[in-house]
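Reviewing the structure listed below.
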Amino acid sequence: MAVLRTLLYLLVYPGLLFLFVYGTFSEWYDRKVYARLQNRMGPTHTGRFGLLQPVADFFKLMAKEDVVPDAADKGLFNALPAFGLAVVATSGLLLPVWNFSLAAPGWTSFSGDIIVMLYLLSLPTLVLFLAAWSSTNLFSTIGGARVLTMLFGYEVPLFLAVLSPAVLAGSWRLAEIAAFYQQRPALLLVNVLGFLVALVAVQAKLERTPFDIPHAETEIVGGTFTEYSGKKLALFRLTTDIEMVVASGLLATVFLGGFPGGALLGFASFVIKTLFIIFLLSLIRALTSRIRIDQVVSFAWRVLAPLAVLQLLATILVKGFLS
Amino acid sequence: MLDKLARWSRIKSPWILHLNSGACNACDIEIVDALTPRFDVERFGIILRATPRHADVIIATGPVTRQMKDRIIRIYEQTPNPKFVIAVGACAMAGCVYRGAYNVMGGLDQVIPVDMYVPGCPARPDAIIDGVVKLLGKL
Amino acid sequence: MTDAELIAKLQADLGGRIEIDNPGPRRLFLKIAAPDLVPVVTRLRDAFGVVFLSTISGLDLGATFEIIYHFSTPTQDLNVRTEVPREAPRVASITPLIPGAILYEREIQDMFGIVVEGIPDGRPLLLPDDWPAGQFPLRKDWHYDRPVEVIPGGES
Amino acid sequence: MSFNIPIGPQHPALKEPISLRMTIEGEVITDADIRLGYNHRGIEKLAEERNWIQNIYLMERICGICSHSHATCYVQAVERLMEIAPPKRGMYIRYLVSELERIHSHLLWLGVAGHEAGFDSFFMYVWRDREIVMDLLEMVSGNRVHYAINTVGGVRRDLDETQKARILDGIATLRKRSEYYLHIGANEPSFVARIAGVGLLPKEQAVALCAVGPTARASGWDRDVRKEDPYAVYDELEWQVATADTCDVLGRVVVRIKELLESYNMIEQMIKKLPAGDIAVRAPRKAKPGETVSRYEAPRGENIHYIKANGTEKPERLKVRAPTLGNYAATVFMLKKGFVADIPLIFAAIDPCICCAERVVTLVDGRSGASSLVSLSDLRRRALDRPANALVKGKAEWPF
């Protein structure tokens, strides 16, 4: 029975199938919201309301000829998409969505899994850099360099912002953090500042518009993905979609008080909360223009980092006041 | 069953690459115009892509000038396989006003095989969309 | 200032070296000999504030090439005209005086084969890389064979 | 270490084939070289084989966005050669369509500037409103672009009452939107961050490099052909030249939106003062020998046509200098100190119409330019201590 549950857990619910379906759904949702904000219709003619558009994109790319530039070193070039997908999918498993018991920390939810989650979420950025570096196209090398420069910008504020609610809850286990805030919803207001900082930092991690310099279409052509086509490009796009889902899931767990209730009710609150966060991300994407790489780093260190430290200070004060 | 799925997905998400081979950029503006709210091609899943690697359909305008000739051939070869070419505007079809100039090859089909011609000087955005939809219907 | 005043001042200042005619309001054509192009342009630039060079037009008059420098000031449109023999088409470059002129000098070099001495950067500009040397398209006596068009998959 | 990145001839930022070769170090551009000729169609050679009427259609197809300005400039020159004066109503309609084209061209550029900076929502909104002007132009002339409304000796289509009313209320909605865009263009923090202090062209450089149009006017040099050489209708309307003195892309955005607002009230004055009478006068087939230079203020700058006639029905020589040509020397100068991320923005700031200027040459770099351009080693030194001259941004309103 336990084997069946783990298999189900691995392959179906927060596993590959669910992440694939929910990733494509969130890409459709993001494109639709982005288009509506621009007074446009967005994808409508593939399936009901264009729901199947990302699926159509995915299968079309899978069916396309796969061109490997001879200058690139083949091994790395071919392995990276699959590796990126694997990393993001495993980080999806740590979300406290189902099949965890608060008392006994099993492998699905153990003390310190928030640190593992953050580490796994920052791996795709390195995969992106390696992808850019291994396809020896000039534009992608510049794109790769930009990916890393940005990494130093938003990584520290993101860690600080995400960890401050954990400090208040007094535990490193996602399930316990969520349970803590479910009992005292008033404390969520303390973390609003951290929520904003984390939102902007996740926008930078996912390289979306204000920070989409690494694959800025108008400047360096395709950026990191210039040389990729066919199946590898499909896998990379899927990795970015799933990364968006997992990152917004993480924010929902930490800042919006997790997913109360059993399997069914938990799933409903998971969908609602992540869609709310993806809506906020699309809002940021529609309202701002792309800023330069030096501005990103100066913005991150001059604005995001101090706010995150302020948030940590507030949390420690509240914790002292509570105990 | 697999190639039925491939065919469906190819019809439903044609990614286009815009290529100007020395045109007077009236047709180019009309192509970009097709992306804006009034004609919004994203409804059909059409997205403007930046590199030939990501593109399925090459939308080309302009009578091919001699300087651009070998660049166009190189871009055509870079595009991965199931690819189509749409010649937009009278220039791309047969050189329009510049037919017979010393520096112009006179039309896109002198250089790369073309699948669909969209007439008009410039071709209206709705004519361009009609061209893309008809091309996909032929699939 | 009006055309008449400018003509009077030009006559007084540059005297014998120029012939002026005034076909329309605000249009002045100055004809000068090739060698004193640079002195006249320097004089115009310093004394008359003629700084803006719109373009340089080349003309093939059969025996000679005519080069017209179109200057424009807020009040008039001055066009300085020189002639250069067809056998040795050489003219001095005015880029040191007016930096914007390099664009048009390279063009007349391309199109007419007029050699501009002292041009800082004489690379060919407009014509494609594989253009045969010695062919100058805008000369009247230059003829070309139309590229034959083949209708794909059918009779040409 | 220094990269040498090629941009073009096919590049998403450039709607037209032009090849830029940049040597950059890190993110700073140290050397720029533009190679043209991809768009060279040999129009001047073709023009010598066509008679006066056929040439109008060739002139229009020099450039898609400013087709009417090339046709008008050409037709003015021919009318001066043939010494015929088109009737007042014909002139009013001709310059009404040219102002409508200026609106459509500036709105187009505003959207493209937003797109280059990555601000796609601004691009979508501006281009949605541009459709209003495109409908007006289609109503007046029958085609969205290449209106072919000019003929030698006047205009080919007349305006009736309903069209005038539609134009007026189209302009009214556009004026409301343009004020909103002026507000966004100048105050939206992330957009201003991208365009303030970018692509700097001080006034003396603009004068030395013969920059034209909004690029020169944004550096405080108010040269506008409609004021200096008013050819028909412009001296009967009251309007003023829009200038700004911030010498950067932000200034060019502001200048172009101000010019939009000027065009709106110019059109309203034209429609009120539209005189009665016929719209064209018959033109002879042959032109008397002679030569003329005609100047016109195209949306991008000053447009010059030089025509020499030899008594036959075909021009002996037709020389066209499009506005973008004048701005190329300035562009290479501006690119020198920019960031890689600024290349499309600086390049789009002069609103390049590469197909207009395909006869253009370009400046290579400091070493080969005239004495007024600094030598390469000096440029490299100045480019590398870019942060030192970062005070440039101090003057510009810096939101972060």
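Residue numbering restarts at 1 for every chain, and letters A, B, ... go by the order of the sequence lines. As the structure is a prediction and not an experimental result, all values here were calculated from the model.
In terms of modelled atom types and a separation under 3.5 Å, the side chain of D:D248 and the main chain of D:G251 share a donor-acceptor contact. A donor-acceptor contact shorter than 3.5 Å links the side chain of A:Q295 to the backbone of D:A193.
Taking the ring centre of D:F119 as origin, the terminal cationic atom of D:R194 falls outside the region bounded by 6.0 Å and 45° from the ring axis.
The stretch residues 36-52 of chain A places A:L37, A:Q38, A:N39, A:R40 near chain D, each with some heavy atom under 4.5 Å from a heavy atom of that chain. Inspection of non-hydrogen atoms places D:D120, D:S121, D:M124, D:Y125, D:R128 of residues 120-131 of chain D under 4.5 Å from chain A.
The minimum heavy-atom distance linking A:A300 with A:Y154 is given by the pair CB-N, 4.3 Å.
Using a 4.5 Å heavy-atom cutoff, the side chains of D:T331 and D:L201 are not in contact. Residues A:I293 and A:M150 meet the side-chain proximity criterion, which asks for heavy atoms closer than 4.5 Å. Residues A:L206 and A:E243 are in side-chain contact: their nearest non-hydrogen atoms beyond the backbone lie under 4.5 Å apart. Residues A:S134 and A:L80 have side chains in contact (heavy-atom distance under 4.5 Å, counting atoms from C-beta outward).
Ring-plane geometry between A:W28 and A:F25 is classed as tilted, the angle between the planes lying from 30 to 60 degrees on a 0 to 90 degree scale.
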